[in-house]
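Shown next, in structure tokens, is the structure this report addresses.
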Number of protein chains: 2
Amino acid sequence: MAKIRERNRELIIQAASEIFAAQGFAATKTVDIAEQAGLPKANVYYYFKSKKNLYRSVIESVIEPLLQAATPFYQDDDPATVLEQYIRAKIRVSQQHPSASKVFASEIMHGAPHLPDDIAAQMMEQTRVSSHKIQSWIDRGLMDPVDPHHLLFTIWASTQTYADFDWQISRVTGKDKMTQRDYDIAADQLTRLILKGCGVQAIQMSGA
Amino acid sequence: MAKIRERNRELIIQAASEIFAAQGFAATKTVDIAEQAGLPKANVYYYFKSKKNLYRSVIESVIEPLLQAATPFYQDDDPATVLEQYIRAKIRVSQQHPSASKVFASEIMHGAPHLPDDIAAQMMEQTRVSSHKIQSWIDRGLMDPVDPHHLLFTIWASTQTYADFDWQISRVTGKDKMTQRDYDIAADQLTRLILKGCGVQAIQMSGA
DNA sequence: GTCTATAGCATGATAGAC
DNA sequence: GTCTATCATGCTATAGAC
């Protein structure tokens, strides 16, 4: 029955995401993935053929929410609205998909050796669109003349940090786990910092 | 001769930093470290006894520049001066010690399993001092009432990103390697963004 | 102190019974 | 399709010659 196949693949990918995120690719043992998924190790190989192949599947499953976060840039043209929505979306990803964020961060940090070309291309295209839009706001005098790429780097880094460096954040704040309220505070403050820091005109009719 | 011992330990630690940074702990083979250091593999074990032990030594050697970057908080009391010096120092670390930054980032991302307690304690102490100082500026009306911890998270993330995610930055900017000028632009822009974004009074007599 | 040669082990992968 | 039992590899670590 194909249902079982789907269900088991799903279970394995979910388990693998968590363990790859926590330990990294090389440190992860397939037997641990199997155990966490509640299946014998041979099943992992039956469905995915190799550890590398499973990792690729994890990357693909994990990339979806990350790419989704950029939609505000495609839906609106007001800097305050877009930047705020973007920052909030990115923080939501860190909150709801911490493993995805970590697997991705680790992959990038090591030079993206397993990132499929088409995914890298999609990300580059999103970056191109986003930075062009930022540049157009600057040209229209809607914000300070910043370097769009560096602004994006700052937003990416300071939103992803809530997933990737959760250990440090946990230590500093003295909380085991950030609450919804903590994420809201983080998003509010980062939004204010970026908007004010870039001299974005706060109130404009959205979509205008 | 003790000179040889020092020199070889140095060579091995240097080689190990680079390879641990590039591949991660588990993916790193001691034979590669030995090769990069220009020594036989047995020497690595002779000097460091085990791979884990070598990794600990790398962490310790690598932590020094990272801790150093916080000195502005101990040397001055003007928000504009301290924050600017701090941001520039952190970016300089990313530029001059990219491997250190990556090894450290990877360690934190995996829950800091090998970070010696005394180093973790030093970092916590620095964080405590820095956030108290920020709070005191807020209390004196020298900047907007931001959450000091989240401000630090933003500064850490957006400065370290120039080392940790250099692959991505390289792809986006289309340059193989950032030039001195690129780092200057990054530091200038981030400084302006943070100072303006936090409503820091730009001109005060330093040290006053 | 240095290095070669090898032991011992952990783990990715598979053959083959069910 | 599922799972056990086993192989094969590649790595850490060390014994022992120089």
Side-chain angles (χ1 to χ4, degrees), chain A residues 1-62 99 103 106-107 110 113-116, chain B residues 1-62 103 106-107 110-111 113-114:
Chain A
M1 206 174 185
K3 276 278 170 67
I4 291 177
R5 189 178 185 81
E6 271 318 295
R7 206 187 72 98
N8 281 352
R9 280 186 62 100
E10 208 45 53
L11 278 172
I12 292 165
I13 287 196
Q14 181 55 34
S17 309
E18 285 166 29
I19 301 186
F20 282 142
Q23 326 236 5
F25 175 79
T28 294
K29 294 177 272 190
T30 51
V31 72
D32 288 345
I33 295 175
E35 199 172 312
Q36 172 124 353
L39 294 166
K41 185 177 63 156
N43 261 13
V44 173
Y45 284 92
Y46 172 66
Y47 286 121
F48 293 94
K49 245 185 70 180
S50 76
K51 185 180 166 184
K52 256 195 191 162
N53 201 48
L54 169 56
Y55 182 72
R56 267 194 59 118
S57 299
V58 168
I59 292 267
E60 278 165 24
S61 87
V62 125
S99 295
V103 170
S106 185
E107 176 67 15
H110 296 136
H114 304 99
L115 196 68
Chain B
M1 205 174 187
K3 274 280 172 66
I4 291 178
R5 190 180 183 80
E6 272 316 297
R7 207 187 72 100
N8 281 352
R9 279 185 61 100
E10 208 44 55
L11 278 173
I12 292 165
I13 287 196
Q14 181 54 35
S17 309
E18 285 166 27
I19 301 186
F20 282 141
Q23 325 236 4
F25 176 78
T28 295
K29 294 176 272 188
T30 51
V31 71
D32 289 345
I33 295 174
E35 200 173 312
Q36 172 123 353
L39 294 166
K41 185 177 60 157
N43 261 12
V44 173
Y45 285 93
Y46 172 66
Y47 286 121
F48 293 94
K49 246 185 69 179
S50 75
K51 184 181 165 183
K52 256 194 191 161
N53 201 47
L54 169 57
Y55 182 71
R56 267 195 57 118
S57 299
V58 167
I59 291 267
E60 277 164 25
S61 88
V62 125
V103 170
S106 185
E107 176 67 14
H110 298 135
H114 303 98

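So you know, we letter chains A, B, ... as the sequences are listed, proteins then strands, and number each from 1. Note that this is a predicted model, so its numbers are computed, not measured.
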Q) For the residue pair B:Phe25 and B:His114, is the inter-centroid distance of their aromatic rings smaller than 6.0 Å? A) yes
Across all chains, not counting sequence neighbours, the ring-ring contact (aromatic ring centres under 6.0 Å, His included) partners of A:Phe48 are none
Restricting to nitrogen or oxygen on both sides, can you table the protein-nucleotides 13-17 of chain D pairs closer than 3.5 Å?
{"residue": "D:dA13", "atom": "OP2", "partner": "B:Tyr45", "partner atom": "OH", "Å": "3.2"}
{"residue": "D:dA13", "atom": "OP2", "partner": "B:Lys51", "partner atom": "N", "Å": "2.8"}
{"residue": "D:dA13", "atom": "N6", "partner": "B:Lys41", "partner atom": "NZ", "Å": "2.7"}

Residues passing the side-chain contact (heavy atoms from CB on, under 4.5 Å) test with A:Ala22, sequence neighbours excluded, are none
For B:Ala26, the side-chain contact (heavy atoms from CB on, under 4.5 Å) test, sequence neighbours excluded, returns A:Ala26, A:Ala27
For the residue pair [X] and [Y], what are the closest heavy atoms and their distance?
| X | Y | result |
| --- | --- | --- |
| B:Ala16 | B:Leu54 | CB-CD2, 4.0 Å |
| A:Ile13 | A:Ser57 | CD1-CB, 4.0 Å |
| A:Ile33 | A:Ile12 | CG2-O, 4.0 Å |

Within the 4.0 Å heavy-atom criterion, would you say [X] contacts the bases, only the backbone, or no part of the nucleic acid?
| X | answer |
| --- | --- |
| B:Asn8 | sugar-phosphate |
| B:Phe48 | nothing |
| A:Asn53 | nothing |

Axis-to-axis angle for the helix from C:dG1-D:dC18 to C:dC18-D:dG1, ends of five pairs each, to 10°, equals 0°
Taken to the nearest whole Å, CD1/A:Ile33 to C1'/C:dG12 is 11 Å
To the nearest angstrom, the CG-P distance between A:Asn43 and C:dG12 comes to 16 Å
inquiry  = Within the 4.5 Å heavy-atom criterion, are A:Val44 and A:Leu39 side-chain neighbours or not?
reply    = no
Q | Side-chain N or O of B:Tyr47 closer than 4.0 Å to phosphate OP1/OP2 of C:dG1 | A | no
Residues in residues 16-29 of chain A with a heavy atom under 4.0 Å of DNA chain C, by number, are A:Thr28, A:Lys29
A:Arg56 meets the salt bridge (Lys or Arg N to Asp or Glu O under 4.0 Å) criterion, sequence neighbours left out, with A:Glu60
In short, side chain to side chain donor-acceptor pair (under 3.5 Å) pairs touching residues 37-51 of chain B with sequence neighbours left out are B:Asn8-B:Tyr47, B:Thr30-B:Tyr45
In short, side chain to side chain donor-acceptor pair (under 3.5 Å) pairs touching residues 10-23 of chain A with sequence neighbours left out are A:Gln14-A:Glu18, A:Glu18-A:Gln36
